[in-house]
Structure formats: C-alpha cells, structure tokens
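Okay, structure first, notes after.
Below, chains carry the letters A, B, ... as their sequence lines are ordered, and counting in each starts from 1.
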There are 2 protein chains.
Amino acid sequence: MDLSAKSEYALLALLELSPHYPSGEPLQIRQIASQQNIPDRYLEQLLATLRRGGLVKSQRGARGGYLLARDPWKITLYDVVSCIEGFEPQADPTQVSDTPEAQVIQGMWGEVRQAAEGVLQKYTLQDLVEKRNAQQQVDIMYYI
Amino acid sequence: MDLSAKSEYALLALLELSPHYPSGEPLQIRQIASQQNIPDRYLEQLLATLRRGGLVKSQRGARGGYLLARDPWKITLYDVVSCIEGFEPQADPTQVSDTPEAQVIQGMWGEVRQAAEGVLQKYTLQDLVEKRNAQQQVDIMYYI
DNA sequence: GCAAACCCCAGTGGAGAACCGGAGTATACT
DNA sequence: AGTATACTCCGGTTCTCCACTGGGGTTTGC
C-alpha cells in the first residue's frame, strides 16, 4: 500500500511542469531532476512513458525539453499513476479465478481498487499545485 | 495495486475456517492447503503470523489444527490484510518529506490509503462467506 | 558542424515475495 | 510409555521486480 518512487517522481516532475504550461516554455530533464532530487537518467524514462501516454510533449534538440500536453486541471492523478504504473488492463489474461472463494475475494478487491481510484480521479495537477502553494505559506509562517 | 498472494492465501484460509468456528473443531493445514491449492509449507507461515496477530488459535499435537480466534463477523478484512502485510506503522521513521511538493503528495496518498482501508474495514469474514454461498448458487445455475 | 538536448535499449544490484526443508516440541490415542 | 500426528521455529533458495546506470543513437539550434 505504498506509493512507488516511480509514481512519486512522475507526480513531482509534472508538478514542476505545471506552472510553466501557460508560457509554453519547455523545461529540461536536468532542471526538474536537480530541483526535486530525482536521478536524471531515471526521470528520463518516466518522462518518456508519460509522453507515450499523452500527458507531456517533448521538444527535441538544443533548447528542447518537456512541457505538459494539456492544462494542469485536465490531468488527474489517476491519469498519471495509471500511465506510469500501467494498470489499465484488468481484462488481460489474469487467471479468471476458478473457485468461488477466489471470485468473491477478487470481487471485493475490485471495490478496494475502485475506492482508491476514485480518490485519484478527483484530484488534478492543478489541485496539487494549489495545495503546494498553500503548504508553502504554512511552512514560511512556521519558519522561525 | 494488486492483492498479494500472501493476503489472498490468508483470506482463503480464514474463509475455510469460518464455517468450522461454531463447532470448535480445528482444521489442519493440509486440508486447507489442498482445498484451496495453497503450498502447505507456505500456508503454515501465514497461519503462524495470523496466530501471533490474534486472529486464529492453534491446537498442537495429533488431531490438532487451527480455528478462528473469534466470530467470523468480528474479523474485518482490514484485520487480516494489515496483520499479514504488517502495515500498521505509519508513525515510523518514514522520511517526513522535506519539500512542500513531497508533503502534498504524501498527504493525498494518505487519502487514497484511507479510502482503501475504509472498504476493507466494512467487510468481515462473515460477509465473504455469505457472498461465497450466493456465488455458489449462481455457479450451479449456470452449470450446464 | 558541433554541442545540447531528447530517444532507445540493455544491464546491474539489492530487496522482498514465494516457497522449501529440517530439527524440535506438544498432544492424542493406544 | 510409546508412537504417530500435528504444530513451531529457523534457515536457505529461487525468482521477480524496482530503482538505477550506461552506452549508444537522432534531432535541433546556433
């Protein structure tokens, strides 16, 4: 029941990209990585996955980088996590549980998944950005 | 977001034990394992964990075995999964996330956890048993 | 044309999950 | 009492996956 480093990195990166969306200026891997303490060669892979998932666009060549594919309030956390974790296919050759006991357990676990996904679907990157800003205010007030 | 084999095995085993609770007759590892297709030496470890967690009692010696420690409707699925997965300690030295971005992400993940745990807490072993029985009826009706 | 960026693919180290085995201990039945 | 049958404890083994690293490419701006 932990959030994988993979997904956390992806969210952090997109959180960095969000404020730059209006300007249309791309942000480079190195900058994001150093800003959020993420191994840059690893972040590269995650951004590639996000690109294939249609969440970010990339600009190749010198002065290139990454930018959000659409507005921050049109990207839910579910979009991000499911893209990075790749858990869309529930209709794949997962053994369709033979015994009735296994079926029942599978069914109730489906409810657990749905509950979790519901929370992820109701938050967008924009929400995270706003929460971040509010959090920063609190941090400043408590700073000495 | 998958249910581990560990937890699924534990739930299956407890599901087997549930109907035997009223009689007070213990069930042996071998029987449970063969009934639910679980490696028996592995199931042994899981039952030991459940015993230490106070969910089952064991009867040693010949004609021994395992039985539920309390009524099936007094054991929630959360009890089982948290015991087997051991994820109680949220107040441990998990790095208390330095950056405001990480804090915000950590916070929203807390909501996801809570949603998932809420579902697990509202179901008991008794519920699973009843669902299983209902499921069996359906299976029989569709058989041939 | 060359440097700065992304792109692709392959490999490695460590941790944990799933499982197996053996020696010991308690209990029931005869 | 003795023996068979269970649980109990502890260790090891295999395998997979996560997190990360590295070595090449290709595209683009200056």
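- Listed by residue number, the members of residues 61-71 of chain A with any heavy atom below 4.0 angstrom from DNA chain D are Gly61(A), Ala62(A).
- Summary of the strand contacts: Arg41(A) and Ser4(A) both lie near DNA chain D, and taking for each the nucleotide with the nearest heavy atom, the more 5' one is attributed to Ser4(A).
- The terminal axes of the helix from dG1(C)-dC30(D) to dT30(C)-dA1(D), fitted over 5 pairs per end, subtend an angle of 10° to the nearest 10°.
- Within the 4.5 Å cutoff, side-chain heavy atoms of Leu12(B) are placed close to those of Ile105(A).
- Remark: Pro19(A) engages Arg132(A) in a side chain to side chain contact (heavy atoms under 4.5 Å, CB included) (not counting sequence neighbours).
- Looking at residues two or more places apart in sequence or on another chain, you find no side chain to side chain contact (heavy atoms under 4.5 Å, CB included) involving Ser34(A).
- Taking the side chain as every heavy atom from C-beta outward, Tyr9(A) and Gln36(A) never approach each other to under 4.5 Å.
- By the 6.0 Å contact criterion, CD on Gln114(A) is open, its count of non-hydrogen atoms from other residues, nucleotides or ligands being 12 or less.
- Listed by chain and number, the residues in a side chain to side chain donor-acceptor pair (under 3.5 Å) with Glu130(B) are Gln126(B) (sequence neighbours excluded).
- Between the side chains of Asn133(A) and Gln137(A), no donor-acceptor pair is found at a separation under 3.5 Å.
- In this structure, Ile38(A) atom CD1 and dC20(D) atom C1' are separated by 13 Å, rounded to whole Å.
- Side chain of Ser7(A) to backbone of Leu3(A): no donor-acceptor contact under 3.5 angstrom is found.
- For Asn37(A), the side chain to side chain contact (heavy atoms under 4.5 Å, CB included) criterion is met by no residue, not counting sequence neighbours.
- Nearest heavy-atom pair across Tyr123(A) and Lys131(A) is CE2-CE, 3.8 Å.
- Heavy atoms from other residues, nucleotides or ligands lying under 6.0 Å from CZ of Arg70(B) number more than 12.
- Against DNA chain D, the stretch residues 42-59 of chain A makes heavy-atom approaches under 4.0 Å through Tyr42(A), Gln45(A).
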Side chains of residues 44-64 of chain B: which donor-acceptor pairs under 3.5 Å do they make with residues two or more places apart or in other chains?
{"residue": "Glu44(B)", "atom": "OE1", "partner": "Arg41(B)", "partner atom": "NH1", "Å": "2.5"}
{"residue": "Glu44(B)", "atom": "OE2", "partner": "Arg41(B)", "partner atom": "NH1", "Å": "3.4"}
{"residue": "Thr49(B)", "atom": "OG1", "partner": "Gln45(B)", "partner atom": "O", "Å": "3.1"}

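- Sorted by residue number, the list of members of residues 18-26 of chain B with any non-hydrogen atom under 4.0 Å from DNA chain D is empty.
- Heavy-atom contacts of chain B under 4.0 Å fall on DNA chain C between two terminal nucleotides, which in 5' to 3' order are dA18(C) to dA28(C).
- Between Glu111(B) and Lys122(A) there is a salt bridge, with a side-chain nitrogen of the basic residue lying less than 4.0 Å from a carboxylate oxygen of the acidic one.
- With sequence neighbours left out, Tyr21(B) forms a side chain to side chain contact (heavy atoms under 4.5 Å, CB included) with Leu68(B), Asp71(B), Pro72(B).
- Taking the side chain to side chain donor-acceptor pair (under 3.5 Å) definition, one finds that Gln136(A) meets it with nothing, sequence neighbours left out.
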